[in-house]
Student: 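Quick one: the structure is below, and I'll ask about it shortly.
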Amino acid sequence: DGRWHLTMPSEQRCLLIGNSRWHWADQSRSGAWSYSHSQPQLSVLAGSAPLCSWAAVGPVPAHSMLRPDRRLCLDAIPLRNVPAWLGIDRALAGWGAWTQSAEVGPLMVVDAGTVLSLTRVTADGAFNGGWLAAGLRLQLQAMAVGTEALRDPDDQRQDLCDGLSFPRDSCEAMRRGVIESLVGLIVRAQDLDPSPLWLCGGDAPLLVQALQTQGLELNHAPDLVMQSLVTLVSPAPDRSALDQPLNRL
């Protein structure tokens, strides 16, 4: 089928180095995959099992565990017409959504991470452009750094869409404004191209309710990028990495 594979024995570990977090995939002897996230610390890497494969969009530290011959690069992703500048996370998400899609046709992937990326994929599995915008934390940090009176909210609340539509507290107003800006961007993209919508990334759960309120149907696949990575490095025809719950909302 044109897909690229590395041979992997059982009990393997994969890593994607992101801009603000490291993303892990672990396979047990039973073949089941589990996914987790950590802060980018060398101590976490030093205590890790050997990596069968790794990829990066963020800064790569010098460490013996990150062997160059185990690095998954952009040219290994079977997404067609991929430009050289595209982040490997976007390529993995786009290819993964396309392979999992039950519908024949184009689709749109929103990855709500450090940067909110919107990636369009054609019906025949080719990259077809997209948008990039500062994600939740970047927007909050920019307001705190660029102003005298505003401060960066220091909590990790999961109810950013609850409460008043126009909060009186400055931190609540910042949160609400950022969420509305991200939702508005996605809604505008769907107006221009109403293709099936896929949502992934660490901040995706914060956007689900707001997008549903806008009447959008979406496929919430929290671990889409890592599922795609381990599928590529698993021997064919092993598809267990993609056999994970998919929330069609």
Side-chain angles (χ1 to χ4, degrees), residues 13-26 35-46 48 51 53-63 65-68 70-77 79 82-97 108-120 127 129-146 152-158 160 174-175 178-179 181-183 185-186 189 198-207 220-230 232:
R13 189 166 222 205
C14 299
L15 168 66
L16 173 66
I17 298 176
N19 289 294
S20 56
R21 293 195 300 171
W22 288 359
H23 310 277
W24 302 89
D26 292 280
Y35 304 96
S36 61
H37 315 278
S38 71
Q39 295 300 313
Q41 298 175 347
L42 286 178
S43 59
V44 178
L45 189 59
S48 169
L51 299 176
S53 183
W54 64 279
V57 294
V60 178
H63 198 282
M65 293 282 287
L66 300 174
R67 292 172 43 181
R70 295 297 178 90
R71 182 168 185 173
L72 186 71
C73 296
L74 187 62
D75 59 3
I77 314 302
L79 191 66
V82 172
W85 54 263
L86 191 70
I88 194 169
D89 53 345
R90 294 181 68 190
L92 285 167
W95 176 77
M108 184 181 299
V109 180
V110 174
D111 189 343
T114 304
V115 170
L116 186 136
S117 65
L118 189 153
T119 304
R120 299 168 70 231
F127 173 74
W131 292 350
L132 296 172
L136 173 68
R137 294 301 310 166
L138 280 184
Q139 289 198 46
L140 293 174
Q141 290 168 3
M143 283 190 277
V145 171
D152 185 5
D154 58 2
D155 60 59
Q156 300 294 321
R157 293 186 55 187
Q158 299 296 306
L160 301 189
M174 292 167 68
R175 293 188 187 96
V178 171
I179 287 291
S181 71
L182 297 177
V183 170
L185 180 148
I186 298 169
W198 288 69
L199 183 65
C200 62
D203 290 330
L206 303 177
L207 300 175
H220 183 202
D223 299 304
L224 178 62
V225 173
M226 293 307 294
Q227 290 174 10
S228 302
L229 189 156
V230 299
L232 280 175

Student: With a 4.5 Å cut-off on side-chain heavy atoms, are D203 and L116 touching?
Tutor: no

Student: Between the side chain of R90 and the main-chain N/O of S117, is any donor-acceptor distance below 3.5 Å?
Tutor: no

Student: Do you know which two heavy atoms are closest between A189 and L118, and how far apart they sit?
Tutor: CB-CD1, 3.2 Å

Student: Working to the nearest 0.5 angstrom, can you tell me the gap between S228 OG and L72 CG?
Tutor: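 With rounding to 0.5 Å, OG (S228) is 10.5 Å from CG (L72).
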
Student: Do L182 and Q139 have side-chain heavy atoms sitting under 4.5 Å apart?
Tutor: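 They are in contact (side-chain heavy atoms under 4.5 Å apart), so the answer is yes.
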
Student: Nearest heavy-atom pair of V230 and C14: which atoms, and what distance?
Tutor: CG1-SG, 3.8 Å

Student: If you look at every heavy atom in P40 and S20, which pair is closest and at what distance?
Tutor: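 It is CD-O, 3.4 Å.
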
Student: Which heavy atom of V225 sits nearest to which heavy atom of C200, and what is that distance?
Tutor: CG2-SG, 4.4 Å

Student: Nearest 0.5 Å please: distance from the OG1 atom of T114 over to the CG atom of D89.
Tutor: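 Between atom OG1 of T114 and atom CG of D89 there are 9.5 Å.
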
Student: Taking all non-hydrogen atoms of both residues, which atom of W22 and which atom of L15 are closest, and how far apart?
Tutor: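 Heavy atoms only, the tightest pair is CB-CD1, 3.7 Å.
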
Student: When rounded to the nearest 0.5 angstrom, what distance separates CE in M65 from CG in L51?
Tutor: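 So the gap between those two atoms works out to 4.5 Å.
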
Student: Are D111 and T119 packed together at the side-chain level, in the sense that at least one heavy-atom pair is separated by less than 4.5 angstrom?
Tutor: no

Student: Under the ring pair (Phe, Tyr, Trp, His ring centres under 6.0 Å) test, which residues partner H63, sequence neighbours left out?
Tutor: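 For H63, no residue satisfies ring pair (Phe, Tyr, Trp, His ring centres under 6.0 Å) once neighbours in sequence are set aside.
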
Student: Do H220 and L207 touch side chain to side chain, with heavy atoms closer than 4.5 Å?
Tutor: no

Student: Nearest 0.5 Å please: distance from the CD1 atom of I88 over to the SG atom of C73.
Tutor: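 Output value for this atom pair is 6.5 Å.
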
Student: First locate atom CG of L74, then atom CH2 of W85, and finally report the distance between them rounded to the nearest 0.5 Å.
Tutor: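 Taking CG in L74 and CH2 in W85, the distance rounds to 10.0 Å.
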
Student: I need the single residue from V110, L224, V109 that forms a side-chain contact (heavy atoms from CB on, under 4.5 Å) with L199. Which is it?
Tutor: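 Going through the options one by one, the only one that passes is V110.
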
Student: Out of curiosity, R71 CZ to L66 CG, how far, rounded to the nearest 0.5 Å?
Tutor: 8.5 Å

Student: Does R21 have any salt bridge (Lys or Arg N to Asp or Glu O under 4.0 Å) partners at least two apart in sequence or in another chain, and if so, which?
Tutor: none

Student: Looking at side-chain heavy atoms only, is the closest gap between V82 and I77 below 4.5 Å?
Tutor: no

Student: May I ask you to test the R13-W24 pair for a side-chain heavy-atom distance under 4.5 Å?
Tutor: yes

Student: Please give me the minimum heavy-atom distance between V57 and G18, naming the atom from each residue.
Tutor: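 Reported closest heavy-atom pair: CG2-CA, 3.7 Å.
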
Student: Is the backbone N or O of R67 less than 3.5 Å from a side-chain atom of W54, with the two atoms forming a donor-acceptor pair by type?
Tutor: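 Yes, because the side chain of W54 sits within donor-acceptor range (under 3.5 Å) of the backbone of R67.
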
Student: Just wondering, do I17 and P61 contact through their side chains at under 4.5 Å, heavy atoms?
Tutor: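 They are in side-chain contact.
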
Student: Counting C-beta onward and ignoring hydrogens, is there a side-chain heavy-atom pair between M226 and L16 closer than 4.5 Å?
Tutor: yes

